[in-house]
Protein chains: 2
Amino acid sequence: MADNERADLGAMVMRLGRRLVAMEQPILERHGVTMWAYVVLTALRDGPARAQASLAAAINADKTRLIPVLDDLQKRGLIEREPDPADRRVRLLGLTPEGRRLQQAVQAEIRAAEEVMLSKIKDQAAFVRALGELSA
Amino acid sequence: MADNERADLGAMVMRLGRRLVAMEQPILERHGVTMWAYVVLTALRDGPARAQASLAAAINADKTRLIPVLDDLQKRGLIEREPDPADRRVRLLGLTPEGRRLQQAVQAEIRAAEEVMLSKIKDQAAFVRALGELSA
DNA sequence: GCTTATCATCTACATGCGCTTACGATTCCG
DNA sequence: CGGAATCGTAAGCGCATGTAGATGATAAGC
């Protein structure tokens, strides 16, 4: 297929996205976390505790939709939620050791599955780097 | 960032997907077509006329959701819909010259915007090829 | 000190979509 | 020939999500 005959990037990216979701879903279920929960744990993995509003913006989530996800993670001891002493309107979120462990376990399995998928192509590192640049 | 510190493929692909949709939306609006309409026109661009059920499967759409999209495209003279003489249960869909023209005009603009986006990376052809292989 | 704004939370509405069921017309199969 | 299946279409249910508005607590600004 000539270059001008390839599919739209959008079409290819959407198909790949669906495939990745299908790949991740069993891993997430095995660990008992939803996709949103995993996204939250991953976002909280690095850096210091952060506010709910800041987290919602970072992961492109509606803040009102985040409330029950955070409630559940907190209840399961995976995150902690504390008022910011500097501004008691704000709740600061951080991972507990258990939350960090779970996030790392899930991510390790996702990585392994990604490696299998990526093994279909050559120059995997270049592809991933380019994907990172385009999605930054 | 080391390899084991990169974001999940899923996260990067979802972000790229949102970016591509945001890029395409104004182009589609300018031409007065919805995303689904454009997907249909593109799917019908090549090959002979095809059945509605076959089209729905090809573009990953619910066949009952496709009815109004096809109704509108037909009404606007962009596709034609005719009973298959070999099996009158089936309606065969094809592009009209006008539909083909519109699809090509939209796709040309999308391609141009994609080129701008891709210009951020090196080895663009390799990236697109790899993306094609992973999403096939 | 009072007004405005922000944070988190709750509730509700609207939209899109996956899925299911049902129907009439038509075809297939035993 | 009759029953089962398919196609396209219509209608509806349920879920997910974006969005808006309201609330109490708290903070900022004049």
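Convention: sequence-line order gives letters A, B, ...; per-chain numbering from 1. Computed from a predicted model, the values in this text were never measured in an experiment.
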Base versus backbone protein contacts along nucleotides 15-20 of chain D [heavy-atom cut-off under 4.0 Å; B, S, -]: --BBBB
Name every donor-acceptor pair, under 3.5 Å, that has one atom in a side chain of residues 63-71 of chain A and the other anywhere in the protein, sequence neighbours excluded.
from  : atom 1 : to    : atom 2 : distance (Å)
A:T64 : OG1    : A:D62 : OD2    : 2.3
A:D71 : OD1    : A:R81 : NH1    : 2.8
A:D71 : OD1    : A:R81 : NH2    : 3.3

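- A donor-acceptor contact closer than 3.5 angstrom is absent between the side chains of B:R45 and B:Q104.
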Per-nucleotide protein contact string for nucleotides 2-7 of chain C, where B marks a base within reach and S marks sugar-phosphate only (heavy atoms under 4.0 Å, - for neither): ---BBS
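- Whole-Å rounding puts the B:L66 CG to D:dA10 P distance at 13 Å.
- Here A:R18 pairs with nothing under the salt bridge (Lys or Arg N to Asp or Glu O under 4.0 Å) rule; sequence neighbours left out.
- When the P atom of D:dG8 is taken as reference, atom CD1 of B:I79 falls 12 Å away, rounded to whole Å.
- Each side-chain hydrogen bond (donor to acceptor under 3.5 Å, both in side chains) pair with one or both residues in residues 89-99 of chain A, not counting sequence neighbours, appears once here: A:D87-A:R89.
- Scored by the side-chain hydrogen bond (donor to acceptor under 3.5 Å, both in side chains) test, A:S135 finds no partners at all (sequence neighbours excluded).
- In this view, B:E114 and A:R6, B:R111 satisfy the salt bridge (Lys or Arg N to Asp or Glu O under 4.0 Å) rule, not counting sequence neighbours.
- Taking atom CG of B:D71 as the reference point, atom P of D:dA11 lies 12 Å away to the nearest angstrom.
- By the side-chain contact (heavy atoms from CB on, under 4.5 Å) test, A:A130 is found to be paired with B:I121, B:F127, residues two or more places apart in sequence or in another chain being considered.
- Here the C1' atom of nucleotide C:dT9 and the CG atom of A:D72 are 17 Å apart, to the nearest Å.
- Remark: A:D123 engages no residue in a side-chain hydrogen bond (donor to acceptor under 3.5 Å, both in side chains) (not counting sequence neighbours).
- When the P atom of C:dA8 is taken as reference, atom CG of A:L70 falls 10 Å away, rounded to whole Å.
- Dashed line: the shortest gap from a side-chain N or O of B:R88 to OP1 or OP2 of D:dC7 is not under 4.0 Å.
- The separation between A:R18 atom CZ and C:dC17 atom P is 12 Å, rounded to whole Å.
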